[in-house]
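We name chains A, B, ... by the order of the sequence lines, and we start the count at 1 in each one. Please read all numbers here as calculations on a predicted model, not as lab measurements. Heavy-atom basis, side chains included; hydrogens, waters and symmetry copies ignored.
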Protein chains: 2
Amino acid sequence: MITTKDIAERLGISVSTVGRALSDDARISEETKFRVRQAASEMGYVGNRAARMMRGASSNVVALVIPDIRNSFYSTIAHELSKNMEAEGFQLMLSETDDDRMVELRHLRELSANRVAGVIIVPTARPHGDSVKLLRGLPHLQLLRRHPSLGSQWFGVDDHESLREATAHLVTQGHTRIAYLGGPTELPTGAERLRGFHSALSEAGLPDDAGRTELGPPSSVEYGREAVRRLLEGPDAPTALVLGSIQLTLGVLEELSEQGVQVPGELSVVGFGDEPGFSWWGPGLTTIGLPIQELATGCALWLMRRLKTKPENDGPYTSVSPGSLVLRGSTAPPDGKAPSGSA
Amino acid sequence: MITTKDIAERLGISVSTVGRALSDDARISEETKFRVRQAASEMGYVGNRAARMMRGASSNVVALVIPDIRNSFYSTIAHELSKNMEAEGFQLMLSETDDDRMVELRHLRELSANRVAGVIIVPTARPHGDSVKLLRGLPHLQLLRRHPSLGSQWFGVDDHESLREATAHLVTQGHTRIAYLGGPTELPTGAERLRGFHSALSEAGLPDDAGRTELGPPSSVEYGREAVRRLLEGPDAPTALVLGSIQLTLGVLEELSEQGVQVPGELSVVGFGDEPGFSWWGPGLTTIGLPIQELATGCALWLMRRLKTKPENDGPYTSVSPGSLVLRGSTAPPDGKAPSGSA
DNA sequence: CACCTTTGTGCTAACGTTAGCATTGCTGTG
DNA sequence: CACAGCAATGCTAACGTTAGCACAAAGGTG
């Protein structure tokens with residue numbers, strides 16, 4: 001690799017002069033600057049950021065720590081972050097945890113060793129103590145999920161209200177046997193979504209056991225298939241289903257298609273998230289739309305500002321974006337009942 | 001940030017001893033090692049890789065340079081790479097080019113400044129001269145697309161054969177007015193796919209003008225919608241459509257759903273790639289399946305080996321994976337003709 | 001002409017880590 | 001007891017860059 005020393009030797013000047021010429025220092029003559037730049041360009045010089053970091057410069061890398069990039073929520077986020085950060089000269093490091101706290105810890109160790117400038121993290125259910133320590137030493141931001149022992153900067157969506165609204169929609173249509181299929185309550189998002197589901201039921205005066213729930217790994221398509229199979233068995237199968245995870249939704253849709261379940265005839269369904277395929281699935285999937293793009297842009301802007309200014313303004317920050325129910329054809333009153341007021 | 005010096009001062013020993021204790025050097029007494037590790041752990045010491053790199057250690061970061069992470073091909077690749085590399089202690093840097101050669105160049109400059117250990121790149125149509133220079137100085141690997149001025153290591157799929165097979169399938173069913181909608185021929189993949197399409201037509205003895213083609217930005221869902229609208233206009237609209245890009249496929253499916261086009265009645269369709277929604281779209285989308293996961297694993301293994309061994313074995317390497325046609329319900333003979341032999 | 005200022009450049013140290021070489025104190029052997 | 005050998009540790013330099021200070025030459029001012 002070419003260094004400033006190589007350029008200096010070739011031009012018979014000192015490394016200091018080369019360094020200053022490259023950083024456009026006012027004290028260097030225009031002629032020298034020109035010759036240095038010429039030589040640097042010819043020789044393919046690229047500054048060594050590791051050396052700059054040793055001199056106190058900060059890294060230009062921000063890490064995104066997420067469960068799985070194949071989840072369209074996360075790839076959307078990665079894209080949006082990348083786009084916003086590229087404009088500011090930052091690079092994006094991608095770390096997938098697979099929702100495994102030990103993998104998360106290993107990644108955080110590496111990120112810390114690499115002295116990344118900041119971290120945007122969707123934490124696992126219970127991050128390792130060392131992960132917490134490592135994050136304390138880094139500007140970081142929690143995304144979607146929120147763990148109390150991490151920093152108090154958080155960008156998320158209103159999980160409770162989203163699920164409440166979705167469930168209320170089904171209640172309004174007259175459903176009384178409604179199932180919820182979502183992630184485990186260990187995850188803050190899982191807990192909030194389940195809570196939203198129950199809120200809607202109790203607000204409607206429905207008994208708590210009106211709602212059947214299946215909680216499982218939120219990023220397992222396969223679990224979605226199994227769970228919906230279980231839910232539809234037996235005589236008192238629910239007439240409506242609300243989902244609390246995009247991957248589970250994908251599994252459910254596949255299974256329902258394969259088994260030829262009539263939607264919304266036999267079962268009303270409200271999905272979670274919005275994928276291209278959701279609009280063309282069966283009668284069109286009514287689903288909980290989330291402003292993921294805006295969320296990611298918000299994160300990017302916040303972090304960019306945080307990294308460019310003094311770290312004084314590190315007060316707690318919370319941004320809760322509302323979801324919105326996207327109405328399509330997959331929900332209808334059960335057994336042709338009237339749309340409302342029949343309980 | 002805690003350094004070895006801090007640990008040394010606290011324990012009243014030299015930095016050398018601390019460094020050696022942490023790297024488990026045989027010359028250091030067990031007792032000292034224990035004390036150093038204890039202190040390091042308590043103080044939250046994390047080695048500074050920038051400093052190690054200055055001493056000749058190589059980076060543990062590999063960059064993935066792709067057009068857009070939201071494309072499921074690329075998110076699958078990113079996931080697979082990440083998974084394989086994490087096991088070897090490598091981290092993944094993500095750079096999105098948006099198929100813009102200047103953005104690509106900016107990213108490569110940064111990656112080079114950060115002294116990444118290697119690069120896996122899906123190059124833009126015509127990478128900038130400086131991009132080529134930069135890549136020459138880095139172990140790199142081309143993925144899917146292949147540009148002659150870059151290195152001779154390439155992992156791709158058989159674009160020509162995949163499209164030939166897909167088109168031949170339609171020809172066999174009796175279609176004589178077939179359209180191809182894919183990426184521009186400036187992209188090596190676009191050119192190969194188009195060539196495959198034409199190969200199938202000429203093998204079938206069909207005139208070249210039997211095939212209508214629409215070439216546009218391969219990652220624009222919107223362009224897919226517009227293009228299929230154009231294709232279906234007019235009296236001699238094609239009876240079958242083959243696609244050459246996953247994003248264009250998404251656009252086409254949306255548009256066909258919205259317009260209520262009968263598939264395969266009015267139009268037979270062969271998609272590109274395989275997404276969750278493809279199986280439940282209309283009658284099920286017949287599509288060109290590609291072994292993206294295997295491809296990514298191959299890349300990861302090749303690069304990990306390359307980075308761990310001496311760079312002697314840098315001979316040309318090419319891996320071409322075959323695609324496979326996934327038959328579902330979206331293709332049928334036109335106008336109820338017999339499945340074959342009716343031309 | 002002595003002095004100050006300006007302009008352009010060089011020298012040196014520092015960042016954190018590590019490898020080579022030097023040093024210290026001890027044990028064992030002749 | 002002298003000395004070799006060894007175990008444990010310290011000292012120093014080097015990686016590439018940059019900032020502070022020093023320095024030389026030239027021009028301007030009294």
Sub-4.0 Å heavy-atom contacts from residues 37-48 of chain B onto DNA chain D, ordered by number: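 Heavy-atom cutoff 4.0 Å gives no residues at all.
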Over all atoms of both residues, closest heavy-atom pair of A:A117 and A:F90: CB-CE2, 4.1 Å
Heavy-atom closest contact (B:G137 atom, A:M1 atom, distance): O-CE, 4.2 Å
5′-ward residue of the pair A:I2/B:I28 relative to DNA chain D: B:I28
Stepwise side chain to side chain donor-acceptor pair (under 3.5 Å) check, A:Q142 with A:H147: CA-CA 8 Å; A:Q142 294 187 72; A:H147 195 270; 6.0 Å; no
Non-neighbouring partners of A:R145 that pass side-chain hydrogen bond (donor to acceptor under 3.5 Å, both in side chains), sequence neighbours left out: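 Partners of A:R145 under the side-chain hydrogen bond (donor to acceptor under 3.5 Å, both in side chains) test: A:D99.
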Qualifying residue, where the test is side-chain contact (heavy atoms from CB on, under 4.5 Å) with B:Y74 and the options are B:L144, B:L94, B:L64, B:L143: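 Exactly one pass, corresponding to B:L144.
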Sugar-phosphate only, base, or nothing, as touched by B:S23 at under 4.0 Å among non-hydrogen atoms: nothing
Sugar-phosphate only, base, or nothing, as touched by A:R55 at under 4.0 Å among non-hydrogen atoms: base
Sub-4.0 Å heavy-atom contacts from residues 8-22 of chain A onto DNA chain C, ordered by number: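 Those residues whose heavy atoms fall under 4.0 Å from DNA chain C, taken from residues 8-22 of chain A in numerical order, are A:I13, A:S14, A:S16, A:T17, A:R20.
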Side-chain heavy-atom pair A:P184, A:P217 within 4.5 angstrom cut-off: no
A:E104 side chain reached by A:P123 side chain, heavy atoms, under 4.5 Å: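 Result yes, sub-4.5 Å side-chain heavy-atom pair found.
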Parallel, tilted or perpendicular: rings of B:Y317 and B:W302 (30°, 60°):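 B:W302 and B:Y317: tilted rings.
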Rounded interatomic separation in angstrom, taking CZ from B:R27 and C1' from D:dC11: 13 Å
Outermost DNA chain C nucleotides near chain A [under 4.0 Å, heavy atoms]: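 Range of nucleotides touched by chain A: C:dG8 to C:dG16.
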Helical bend (five base pairs per end, nearest 10°) for the helix from C:dC1-D:dG30 to C:dG30-D:dC1: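 One end's axis against the other's: 80°.
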A:M53: partners by side-chain contact (heavy atoms from CB on, under 4.5 Å), with sequence neighbours left out: A:R49, A:S59, A:R115, B:A50
Modelled atom types, side-chain donor and acceptor of B:Q91 and A:S95, under 3.5 Å: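 Yes, A:S95 and B:Q91 have a side-chain donor paired with an acceptor closer than 3.5 Å.
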Side-chain H-bond candidate by donor/acceptor type, A:E110 with B:N60, under 3.5 Å: yes
Between CD on residue A:E80 and CD on residue B:E96, distance to nearest 0.5 Å: 9.0 Å
Donor-acceptor pair, side chain of A:D25 and main chain of A:R27, under 3.5 angstrom: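 Such a contact is found between A:D25 side chain and A:R27 backbone.
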